There are 2 protein chains.
Amino acid sequence: MRKPIQKRTIKTRAKLLSAAEEVIRHGGYEALRVEEVVKAAGVAKGTFFAHFRDKDALMEILIADKLNACLDQAQSETPPKTVPEIIASLEPVHEFMTSERYVFDLLIRYSGATAIADIGPIAYCFERYFRVVMMWLETAEMRKDVPSELLAEGVQAFAIQAMSLQYCALHSATTFTDRLETYLDAWLTPAG
Amino acid sequence: MRKPIQKRTIKTRAKLLSAAEEVIRHGGYEALRVEEVVKAAGVAKGTFFAHFRDKDALMEILIADKLNACLDQAQSETPPKTVPEIIASLEPVHEFMTSERYVFDLLIRYSGATAIADIGPIAYCFERYFRVVMMWLETAEMRKDVPSELLAEGVQAFAIQAMSLQYCALHSATTFTDRLETYLDAWLTPAG
DNA sequence: ATTTTATATTGACCGTGGTCATTTTTTGAT
DNA sequence: ATCAAAAAATGACCACGGTCAATATAAAAT
């Protein structure tokens with residue numbers, strides 16, 4: 001069985017990725033053009049699509065990288081125990097997620113896998129987010145009538161809702177943090 | 001004083017809309033091509049964009065129409081009182097929302113307004129969904145420690161989460177209805 | 001070294017959404 | 001009826017993501 005991972009291949013891929021990062025550093029994610037990336041990388045357009053299924057696939061990789069860095073940071077600190085602490089710990093994650101409308105939309109679109117056995121890097125990020133929160137909740141003083149797995153899924157749902165409403169003119173009175181705190185208070189520590 | 005809404009205008013717009021509906025009836029939403037619509041409507045391409053900001057704007061109108069029809073239906077029946085009844089009443093709405101991946105993505109993308117004072121038909125649908133659920137909750141026996149407004153926002157968040165996870169290979173063990181029921185039981189009637 | 005085969009790269013080309021200067025039609029004033 | 005100004009329709013054109021047959025390069029076999 002031949003396993004020829006040519007050196008050229010990883011080099012070209014690396015060139016494309018770093019070129020894309022550079023392009024994004026200048027104009028943000030939304031403004032990225034494939035033509036610009038391949039020009040900066042010094043390869044032909046077709047080469048790009050030999051390395052990435054489509055433009056979104058590249059975006060997934062780059063955005064998931066950044067998101068994983070945010071999750072690293074969140075995980076490195078001492079586990080939060082209260083709702084405000086949880087929100088504070090997740091702040092860098094949410095901050096990046098809503099840094100650009102384009103980024104948020106893409107995150108949501110790829111938060112679940114497109115097809116079975118085709119789970120992309122962003123879907124893994126969401127899975128990781130879920131697991132990190134679940135671990136926090138297990139050692140925090142939250143309601144115990146439902147499993148912490150379910151609680152963590154709810155935190156994710158509410159965080160997405162709160163981020164979405166940031167973009168919604170009909171609900172722009174409250175800030176993201178206030179809204180999320182209201183949600184999580186009601187979800188994690190309901191007053192019997 | 002100038003208010004010349006030419007008859008021609010509404011006629012052309014109507015032609016475009018019904019042509020689009022016809023096209024969708026055949027191939028679904030995702031496969032719709034603007035060229036096909038204008039051909040079927042017997043107008044030039046430029047005319048399309050004189051009537052709709054872009055392709056998404058047309059889609060918003062058509063999808064919001066369908067969604068409003070579903071909401072009409074949900075509202076016409078006797079108000080549900082329990083979690084399973086609420087889920088059952090919303091079933092046609094959720095059914096349509098997830099009828100096509102393309103539709104679901106577009107719904108989410110336009111669920112909030114793109115910009116202040118630029119609230120599209122889909123954003124209004126979400127607002128309506130929220131209000132309908134809130135009214136149901138007010139006369140149902142749910143937790144009373146938080147306002148029903150908040151409860152309704154939560155229902156929306158959980159419904160979206162449950163729909164999203166339908167598309168996610170990492171969480172495809174549970175069905176949509178089961179998952180949503182689990183969510184709403186924990187959200188609406190927490191065991192002190 | 002030479003040939004063969006697998007893999008990577010290329011760039012002309014296509015599909016489709018969206019633009020805009022030009023032309024056609026409608027409307028209101030005379 | 002005639003004309004001027006506003007509104008609507010037109011279609012050639014552009015931008016940009018994505019394809020693919022042809023070509024170039026690397027690795028394996030002789």
Side-chain angles (χ1 to χ4, degrees), chain A residues 1-20 23-24 26-63 102-103 105-106 109-110 114 118 120, chain B residues 1-20 23-24 26-63 100-103 105-106 109-110 114 118 120:
Chain A
M1 213 51 232
R2 306 280 151 272
K3 282 208 58 173
I5 356 155
Q6 285 188 211
K7 237 196 220 163
R8 192 169 44 152
T9 306
I10 47 179
K11 214 170 151 187
T12 304
R13 188 190 158 93
K15 270 197 295 183
L16 281 166
L17 282 172
S18 67
V23 168
I24 287 164
H26 278 80
Y29 289 89
E30 174 142 39
L32 181 139
R33 297 287 170 269
V34 173
E35 298 233 32
E36 215 181 330
V37 172
V38 297
K39 207 179 85 181
V43 300
K45 205 181 197 178
T47 303
F48 181 97
F49 293 97
H51 286 262
F52 307 101
R53 187 173 14 82
D54 52 24
K55 181 179 159 176
D56 280 0
L58 170 73
M59 287 304 195
E60 264 208 275
I61 291 167
L62 296 174
I63 289 172
Y102 175 87
V103 170
D105 286 346
L106 197 134
R109 190 146 30 93
Y110 288 100
T114 313
D118 180 30
Chain B
M1 182 56 196
R2 307 276 149 271
K3 282 203 66 176
I5 358 157
Q6 286 187 208
K7 239 192 211 161
R8 188 170 47 151
T9 306
I10 48 180
K11 214 170 149 187
T12 305
R13 187 190 157 93
K15 270 196 294 181
L16 282 166
L17 282 171
S18 66
V23 168
I24 287 164
H26 279 80
Y29 290 90
E30 172 141 42
L32 181 140
R33 296 286 171 271
V34 173
E35 297 233 33
E36 215 180 330
V37 172
V38 296
K39 206 179 88 182
V43 301
K45 205 180 195 178
T47 303
F48 181 97
F49 294 98
H51 286 262
F52 308 100
R53 189 173 13 82
D54 51 23
K55 181 179 161 178
D56 280 0
L58 169 74
M59 287 305 196
E60 264 208 275
I61 291 167
L62 296 175
I63 289 173
E100 261 187 64
R101 180 69 201 255
Y102 176 86
V103 170
D105 285 346
L106 197 133
R109 190 145 30 93
Y110 289 99
T114 314
D118 180 29

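Bear in mind that the values here come from a model prediction, so they are computed numbers and not experimental data. No hydrogens, no waters, no symmetry mates; every other heavy atom, side chains included, goes into these values. Reminder, nothing fancy here: chain letters follow the sequence lines and each chain counts from 1.
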Between [X] and [Y] (side chain of the first, backbone of the second, donor and acceptor by atom type, cut-off under 3.5 Å), is there such a pair?
X: B:Lys55; Y: B:Arg33; value: no
X: B:Glu35; Y: B:Lys45; value: no
X: B:Thr47; Y: B:Val43; value: no

Between B:Asp105 and B:Arg109, is the closest basic N to carboxylate O distance under 4.0 Å?
no
Taking only the side-chain nitrogens and oxygens of A:His51, find out if one of them lies under 4.0 Å from OP1 or OP2 of C:dA8.
no
For C:dT9, take OP1 and OP2 only and decide whether either is under 4.0 Å from a side-chain N or O of A:Thr12.
yes
To the nearest Å, how far apart are [X] [atom1] and [N] [atom2]?
X: B:Met59; N: C:dT16; atom1: CE; atom2: C1'; answer: 13 Å
X: B:Lys7; N: C:dT27; atom1: NZ; atom2: P; answer: 9 Å
X: A:Glu35; N: D:dG17; atom1: CD; atom2: P; answer: 7 Å
X: A:Leu106; N: D:dG17; atom1: CG; atom2: P; answer: 13 Å

Closest to the A:Arg8 side chain, choosing from C:dT7, C:dT26, C:dT16:
C:dT7
Looking at the side chain of B:Arg33, which of D:dA7, C:dT16, C:dT7 is the nearest nucleotide?
C:dT16
Over all strands shown, is B:Leu32 touching base, sugar-phosphate only, or nothing at heavy-atom distances under 4.0 angstrom?
sugar-phosphate
What is the distance from atom OH of A:Tyr110 to atom CD1 of A:Ile63, rounded to the nearest 0.5 Å?
10.0 Å
I need the A:His51 NE2 to A:Arg13 CZ distance, nearest 0.5 Å.
8.5 Å
For the helix from C:dA1-D:dT30 to C:dT30-D:dA1, figure out the bend between the end axes, five pairs an end, and round to 10 degrees.
10°
Under 3.5 Å between N/O atoms: give me all the protein pairs with nucleotides 18-21 of chain C, atom names plus distance.
residue : atom : partner : partner atom : Å
C:dG18  : OP2  : B:Lys55 : N            : 2.7
C:dG18  : O6   : B:Lys45 : NZ           : 3.1

Could you list the residues that satisfy ring pair (Phe, Tyr, Trp, His ring centres under 6.0 Å) with B:Tyr29, not counting sequence neighbours?
none
